[in-house]
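Notes to accompany the following structure.
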Amino acid sequence: MLFNSIEYLVFFPLVAVLYFVLPVGWRMGWLLCASYWFYLSWKMEYGLLILGVSLLNYGAGRMLETETRRTYRRSILGGALLGSFGCLLYFKYANFLLENMGGWVGCDWGISVILPVGISFFTFQAASYTLDVYRGELPTERDPWRFLLFVRFFPQLVAGPIERAGHLLGQMHGRHRPELDNLRAGLTIILIGLFKKMVIADRLAVYVSDIYGDNVGHSGSTLWLANYFFAFQIYCDFSGYSDIAVGSARILGVKLMENFRRPYLAASIREFWGRWHISLSTWFRDYVYLPLGGSRVPPMRWSANILIVFLVSGLWHGANWTFLVWGGLHGIYYLVGRIFDPLVRILGASWDAWPVRALRVASLFHLVVLAWVYFRSPNLAQANEMVARMLSGSWGRPYLGSSSTTFGISMCLIGLLVAWETILEAKPGMYPSASATWPRAFRWATQIGLILLLACLGKSSHEFIYFQF
Amino acid sequence: MNSSTSNSKTSLRWNGVLFRGALYLFLLLACDRVLASWLTTGITRYYGFHRNPAVLVIGHSRSMMGLDIPILEQFWGEPVAKFTANGADTFARAAMVRAFLNEHPEVKWVIYDVETASFNSSALSANAYRLFVPLLKFPAIRDYVRLNLDSSARFAMLHALHLARFEELSLNLAVRGWLRSDANLKSGRFDPDLFALKAADGRVRSSRIDPENLRTFRETLKFCRERGCEVILLEMPQVDLLNRLYGAERERVQLVFQEAAREPGIRYLDFSRWRESDYSLFRDDIHLNAVGKEEFSREVARALAIANP
């Protein structure tokens, strides 16, 4: 079931109304049933997988609660992580590994495995709980139903945000009251998410797919245009999904973490990763980067740590060399960015003066766009060829797509998005946290405007990009 | 006493919420209906529903880009309506003709564009019906759209929110309708190399004659005649490379048009080879550009004058 489907339009209000109508003791069970229904609407067999991963980590947590011997505790943690990540490895990477290994020895070892929806998200979420319990940062959850709901809470089940047990488990108590403020804020956030997804992302996708589907003979300017569009497409697609997840949970009284904070207004790659897919980047920070030693190691080791984190992050997105290169590029950007540190110290406050910052934002955006080429391309050969042509300086008149109206609307929408995000950058408290307190006339005008634009310009795509991860 | 006061306050608060909810819904629907009505009027103006035309042009993008209303009106001396939509196959045209003639029984001539691939819907956009969604108020169009929609929930949504009936192409037509603009803005020129790629990829529409398409075509002609209209089957120009590619198949399809033209009140004008080698008039293998549109419209007007002095 997709967030942008009529089914969800019926499903969610029904779940929300019944959640508040039912006695408190029944609410968790109801949410769990609804979450199962939501997830199983993709494929029944996936239900067993998510149940297995949940029970494995729940069991590990319970065992860690009573076990004090260090070796045993490590074995329990190892077993839970092996089981969780083993599933991920099999479903997501087995074919890639076997295909490549087979290729090296001249055999075809490829196997056909269907990737369960959201596997990278729920395995990371479940594993983070066990890691936190092992580290003693979190008490063990004894209620299995609450734990199951934590792993499969439907708004964030298939594409995040990847929540931490410390933040979400405590909210799974079923004692929420229906609050108008939550309804107001949640509705606004959902509408903005749907607008990003259905009006912007899915519209840009048409042009991007057109160019990527047949990139032979296009000029460098056309390829730049396609990749600018892809940058906004993937942002609106993924952040739109996150918005709908956050808004839906908010209506139920649950506050999910912020997953995107205007990433294309970042002026350094470090800042970018503090704004893009925040739940994943903080996961890698806490469970990969810091255990590797973080920044408290010699410079060479630190550089290696940074590269490892970005390469793993690239691989998390998919089993393809293109994702590895994408992650590696971001790692290199990060390391190269450190070269400017002495310059930053010399320039002081003028480094953040708005003309310099605008230049830095624009430069970083272009670097990020170049990296997106590897993310979007089906293979390295196509990505390399595209990057070569983008950098070759072939500046013919860009191809604007089959419809000049669609192109014009797309440009207007990108302009609108950039303007909205620039306003939010200046007034960060305005959205989403304070959206419930907007003046009524403004809130109604925004919501009604969004509903009408969605009705008129919304496209009904059948997938979200991040579902494949 | 306390409990009663509390209940009364709660009731008042819920009354307020319900009142605001109703007001919200009213404002939403009012904005939706006003905007949708303005856009629908624009589209019907673009298609010529607001006039009392003597001539109706029915077709898809080829006649949309290839026939100029002012030039045809100059020839006829009477208003001409052009109800043409991208990808409109014989089924869509059946609905279009019925919708228009039911609204305007005064129409005397129907120009119906035809081509070698007229009886094959497969390579046309499967979403062509969406262009007609804004015209749901016409029963013939409503039936056609309902048949093509993938779900009844979507059909219900189109009735709940009228703006959901529009998309960028129909918005463009609505704006053009209000601006009274029928201009062909395509200035490009046919590129033989691109056509060679298209042909090699098998992207040229097949000339296959689908029996259901043929039956619908004949029924539409019959309907026009029953309404007292004279039908002109106008075979649109296409480049020589495409004509050669079709070869004998083109003549096989033309036999269908010739056979139809044996009926009283139906004429067939073959322009498929009209200036087929002059690529400066074509935007691609089947569509005329702005220059081609003007010259072709004059040629059609001349041919009609000779045929009907």
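Given the structure is predicted, the values throughout are model-derived calculations rather than measurements. In what follows, chains carry the letters A, B, and so on, assigned in the order in which the sequence lines appear, proteins first and then strands, with residues in each chain numbered from 1.
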Between B:Tyr24 and A:Arg440, is there a side-chain heavy-atom distance shorter than 4.5 Å?
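SC-SC contact between A:Arg440 and B:Tyr24 ruled out.
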
With heavy-atom distances below 4.5 Å as the criterion, would you say the side chains of A:Leu452 and B:Asp32 are in contact?
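In short, these two side chains touch, coming nearer than 4.5 Å.
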
Can you tell which part of [X] gets under 4.5 Å to a heavy atom of chain A, answering side chain, backbone, both or neither?
{"X": "B:Leu161", "answer": "side chain"}
{"X": "B:Leu169", "answer": "neither"}
{"X": "B:Leu158", "answer": "neither"}

Taken to the nearest 0.5 Å, the spacing of B:Glu167 CD from A:Thr405 OG1 works out to 11.0 Å

For the SG atom of A:Cys456 and the CG atom of B:Leu39, what is their distance to the nearest 0.5 Å?
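If I round to the nearest 0.5 Å, the distance is 6.5 Å.
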
If you count heavy-atom pairs under 4.5 Å between each of A:Leu457, A:Ile409, A:Thr406 and chain B, which one has the most?
A:Thr406

Under 4.5 Å from any heavy atom of chain B, what part of A:Leu9 do you find: side chain, backbone, both or neither?
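The side chain, not the backbone.
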
What part of A:Gln447 lies closer than 4.5 angstrom to a heavy atom of chain B: side chain, backbone, both or neither?
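When you check distances to chain B, atoms from both the backbone and side chain of A:Gln447 fall under 4.5 Å.
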
Is it the case that more than 12 heavy atoms not belonging to A:Lys255 sit under 6.0 Å from its NZ atom?
no

Heavy-atom count around A:Trp420 CH2 within 6.0 Å, excluding the residue itself: above 12?
yes

